[in-house]
Amino acid sequence: MASLPFSAAQSISVSGFNYRARHSNLFFVRAPRFFNRLKRRNLSVKNITSDQRQELKDPSVKGEASLETLEPDSASIAASIQYHAEFTPLFSPEHFDLPKAFVATAESVRDSLIINWNATYKYYEKMDVKQAYYLSMEYLQGRALLNAIGNLELSGAYADALRKLGHELEDVAGQEPDAALGNGGLGRLASCFLDSLATLNYPAWGYGLRYKYGLFKQLITKDGQEEVAENWLEMGNPWEIVRNDVSYSVKFYGEVISKPDGSKEWIGGENITAVAYDVPIPGYKTKTTINLRLWSTKVAPNEFDLRAYNAGDHAKACAALKNAEKICYILYPGDESIEGKILRLKQQYTLCSASLQDIIAHFERRSGKPVNWEKFPDKVAVQMNDTHPTLCIPELIRILIDLKGLSWKESWDITQRTVAYTNHTVLPEALEKWSLDLLQKLLPRHVEIIRMIDEELIHTIIAEYGTEDLDLLQHKLKQMRILDNIELPDSVLELLVKQEESSAVDSIKEVKVSDKETESADEEQDTDAKDVVTFDPDPNLPKMVRMANLCVVGGSAVNGVAEIHSEIVKNEVFNEFYKAIISVSITFWQLWPEKFQNKTNGVTPRRWIRFCNPDLSKIITKWTGTDDWVLNTEKLSTLAEFSDNEDLQSEWREAKKRNKINVADFLKEKTGYIVNPDAMFDVQVKRIHEYKRQLLNIMGIVYRYKKMKEMSSEERKARYVPRVCIFGGKAFATYVQAKRIVKFITDVGTTVNHDADIGDLLKVVFVPDYNVSAAEVLIPGSELSQHISTAGMEASGTSNMKFAMNGCILIGTLDGANVEIRQEVGEDNFFLFGAEAHEIAGLRKERAEGKFIPDPRFEEVKAFVRNGVFGHYNYEELMGSLEGNEGYGRADYFLVGKDFPSYVECQEKVDEAYKDQKRWTKMSILNTAGSYKFSSDRTIHEYARDIWRIQPVLLP
């Protein structure tokens, strides 16, 4: 049973005062000093959710007062921190050291968040608002302390309080581990969205899983990347509140039985319990504090086999417990084994089932009895962040039919009007497909429902396109069906047979599925059979469920995340669906003429400028004349008016220099390398993947290094701008080629950084275990940022937006959000190179035909690497992937060789531009000015308006 996010929010009535928390203030109910002062008065504590709100007058005070009007000062904040250090400790009482100071400070802040959090939730309940629910397998949140007190406008007060207690705020904040709930842009986008939802006062919650060990902690050794488990929960998480009263049963395996009344019941199998852990998400300068609910998994105590334990069979005794707990151990467990696939599916279903049960509990409680299920889509919007939560569709239908007693037609209609899907990739491996047999075994009822949806879809396709042109029908079904390489439903076969009989077309007989072999056939029949269209599955191919197709069919909207990506989604990835929608005349597709939409990603300007780059923030506020840009990023565009102003340019360069010094200190701490802050800081930080082309970057660096070595000291100093080339990002643990790239980068760094002839002219540094906290240091101090993916393969990207916001100039291809960033910042302020998306297919075809001729400079670099300059590691597999015309892992699929000469020449233009610091600074200013469009606030407004149909709700 769902309930309020937290039940302990209270107000204090003290013979004349009713003390409650102002929206951005902190009321320290537990502070010892405050309690000591109140002991002398008539003290009573009442729940803030009480409907009684009478103001009691204090006869000793003239007039009326309320803590709603009192600002917390550093003394009361210090008292609250001291209270938590003493009375809610996770540490021994002897010392108030930094780890202890962090936890006590976070718990102090959480007190304030809980008050606003409960007020927000209570008001949503009272007003019965339509609410959005964002389901994502990952949230890359980063540290929460500075963000929370920044949003509460208490940064100064907390800094003063901690100083009184002997610590600096920055040192205390540095003790917080990054929450290990995400990996890359998908999770960071989700976290930015939560920040914007709260700031803009939209009623919304996030749902995810509480991973105990995260993805992994990345170590860089002489062997390259090594992975160890994250330890972010080792000392507890002060931001979360476990909700033992909010838990739901989640079932796997079992069987489906038909009851006498024709209804279905899913029985038996394995049952686990999903328990809620809530994390408050505060908005900026607002009361609104929304919720991120994370699920952890366990089993009931009676599942522990005490008899087996006492008999010495400890593994058997704990089997059920471990099977449940491991669901939330690791983000994206390796899925090359069948066990890994089962675990991933369990994760996805746990997220969907527990979240939907919770959402439905909210709806039923707010609705009262009887529940009008027709109003469910008017009160609930579910957004699936990529295909991981796809099982929401059959799960919602299952609950509505099997548990709530609705018909198929009602449940299907409600689901289609409730759920929406964001596509984040065009990569085939990321458009999830699951084995039908595996799904059947793990979720038998859901496979029945998916088959029903697939059958509904097939009949819709046939109704639209007919059966006269069987080649066309076969093509449509092959592209659009949810079930891939699976026999047609009986109802469809019967329809085709009837059509065959009425049209007397002999060849249609081949449609009907038959296991009987023809014993004999004459020569004419054999000739005709060659042209027969068959709908039989191929026994040599696996039977799969295409989750992305299920999302398109089952959702109210499908959106891409950048203009170019959304066009690819419509014209390539889901082209048959898109063509069906725009061409139909009578089918249900007409209900959603705007089903395919674009919602370009965005990032929160609070974390990514205001809090991580205070020096730049002060300059922006000074030159725009307001700090309103933090909420209305359109005001950033006014900086363009002053881009040539010498005073602004001087201040801009000074701020960048201070940030670069911070980066240099950070690199020394993390890697031991000492870099010159006067060099250009050239950064590529993102998940390691072949399509993101870190390999192109490091090959360009190798070319640069080789040319430097061929010159005299004077020549190289005259030609080259000093550079510090910074990499960061994790390669998935089983992604062998990506791990080779990490190894290659670190080997090049080891050689280059110890080359006395090169000195500070070139450094190559790989930052281990790149995360949000590292980004908050690196991005403000960066000057050139590389977003160089193969055109058409990056959906959007969000790091490009963060870099541009911080005045970093981009080098990149026309891919993802790069296209729109270049439009906004100006073509002259973006370093463009490489093939365009519409050329890629032709270039790959040209390569396969043996027509590609590599640039001599590219061949020169490969030979240089093979000569062993960078150590004894065998890079033949890595270099070989860039060669040949066909074959798995060959033929340079990501066009590194094709784009290499364009990339090298573009880098020469970068050097020339950097030598003119006045020009470079102007470009930097214009990048910040042009980044106004890429706030997640804008993106959320568009989702709310076009997909979720929700309105902002201002708390009283």
For a ring-ring contact (aromatic ring centres under 6.0 Å, His included) check, start with the C-alpha distance between His689 and Tyr735, then their side-chain angles and the critical distance, and finish with the verdict. CA-CA 9 Å; His689 197 291; Tyr735 191 173; 5.0 Å; yes

The side chain to side chain donor-acceptor pair (under 3.5 Å) partner of Ser881 among Arg740, Glu876, Gln737, Arg890 is Gln737

Does atom CZ (Phe304) have a neighbourhood of more than 12 heavy atoms from anything else shown, all under 6.0 Å? yes

Is the closest basic N to carboxylate O distance between Glu395 and Arg445 below 4.0 Å? no

What are the two closest non-hydrogen atoms of Trp232 and Asp178, and how far apart are they? CB-O, 3.7 Å

What about the rings of Tyr134 and Phe193, do their centers lie closer together than 6.0 Å? yes

So with a 6.0 Å cut-off around CD of Glu886, is the heavy-atom count from everything else above 12? no

Would you call the rings of Tyr332 and His388 parallel, tilted or perpendicular, where under 30° means parallel and over 60° means perpendicular? tilted

Side chain to side chain donor-acceptor pair (under 3.5 Å) assessment of Lys251 paired with Asn271: CA-CA 5 Å; Lys251 181 188 292 291; Asn271 293 285; 3.3 Å; yes

Presence of salt bridge, Lys441 and Asp437, under 4.0 angstrom: no

Tell me if the centroids of the rings in Tyr691 and Phe894 come within less than 6.0 Å of each other. no

Side-chain ion pair, Glu576 and Lys476, N-O less than 4.0 Å: yes

Counting only heavy atoms not in Lys341, do more than 12 sit closer than 6.0 Å to its NZ atom? yes

What is the minimum heavy-atom distance between Ser353 and Ser249, and which atoms define it? OG-O, 4.4 Å

Can you check ring-ring contact (aromatic ring centres under 6.0 Å, His included) on Tyr277 and Trp295, steps first, answer last? CA-CA 6 Å; Tyr277 284 72; Trp295 301 107; 9.5 Å; no

Between Tyr873 and Tyr875, is a ring-ring contact (aromatic ring centres under 6.0 Å, His included) present by the stated rule, with each step listed? CA-CA 6 Å; Tyr873 185 83; Tyr875 283 109; 4.6 Å; yes

Going by an N to O cut-off under 4.0 Å, is there a salt bridge joining Asp402 and Lys264? no

Test ring pair (Phe, Tyr, Trp, His ring centres under 6.0 Å) applied to Tyr139 - qualifying residues, sequence neighbours left out: none

Looking at every non-hydrogen atom in both residues, tell me the closest pair between Gly729 and Tyr770 and how far apart they are. N-CB, 3.5 Å

Nearest heavy-atom pair of Asp538 and Asn485: which atoms, and what distance? N-OD1, 2.6 Å

Are any non-hydrogen side-chain atoms of Leu436 and Arg451 less than 4.5 angstrom apart? yes

Please identify each residue that fulfils ring pair (Phe, Tyr, Trp, His ring centres under 6.0 Å) with Trp266, with sequence neighbours left out. His446

If the condition is ring pair (Phe, Tyr, Trp, His ring centres under 6.0 Å), which residues does Tyr253 pass it with, not counting sequence neighbours? none

Qualifying residues under ring pair (Phe, Tyr, Trp, His ring centres under 6.0 Å), relative to His424, sequence neighbours excluded: none

Determine, step by step, whether Thr798 and Asn601 satisfy the side chain to side chain donor-acceptor pair (under 3.5 Å) criterion, reporting the C-alpha distance in whole Å, the side-chain angles of both residues, the deciding distance to 0.1 Å, and the verdict. CA-CA 7 Å; Thr798 53; Asn601 284 345; 5.8 Å; no

Could you please spell out the steps behind the side chain to side chain donor-acceptor pair (under 3.5 Å) verdict for Glu456 and Thr460? CA-CA 6 Å; Glu456 182 100 4; Thr460 301; 5.4 Å; no

Residues pairing under side-chain hydrogen bond (donor to acceptor under 3.5 Å, both in side chains) where one sits in residues 215-230, two or more places apart or in two chains, turn out to be Gln218-Gln225, Thr221-Glu226, Gln225-Glu227, Glu227-Lys739

Any Lys/Arg nitrogen of Arg481 or Asp454 sitting under 4.0 Å from an Asp/Glu carboxylate oxygen of the other? yes

Validation row: Gln383, Thr422 side chains within 4.5 angstrom (heavy atoms): yes

Residues 345-355 vs salt bridge (Lys or Arg N to Asp or Glu O under 4.0 Å), sequence neighbours excluded, gives Glu270-Lys346

Could you tell me whether the side chain of Arg693 reaches within less than 4.5 Å of the side chain of Val896, counting heavy atoms only? yes

In this structure, are over 12 heavy atoms from other groups packed under 6.0 Å from Glu877 atom CD? no

How far apart are the closest heavy atoms of Ala548 and Leu431, and which atoms are they? CB-CD2, 3.9 Å

Intermediate values then yes/no, side chain to side chain donor-acceptor pair (under 3.5 Å), Glu432 and Thr390: CA-CA 10 Å; Glu432 287 187 303; Thr390 305; 5.1 Å; no

Any heavy-atom pair between the side chains of Gln694 and Ile745 that's under 4.5 Å? yes

Any salt bridge between Asp313 and Arg307, counting N to O under 4.0 Å? no

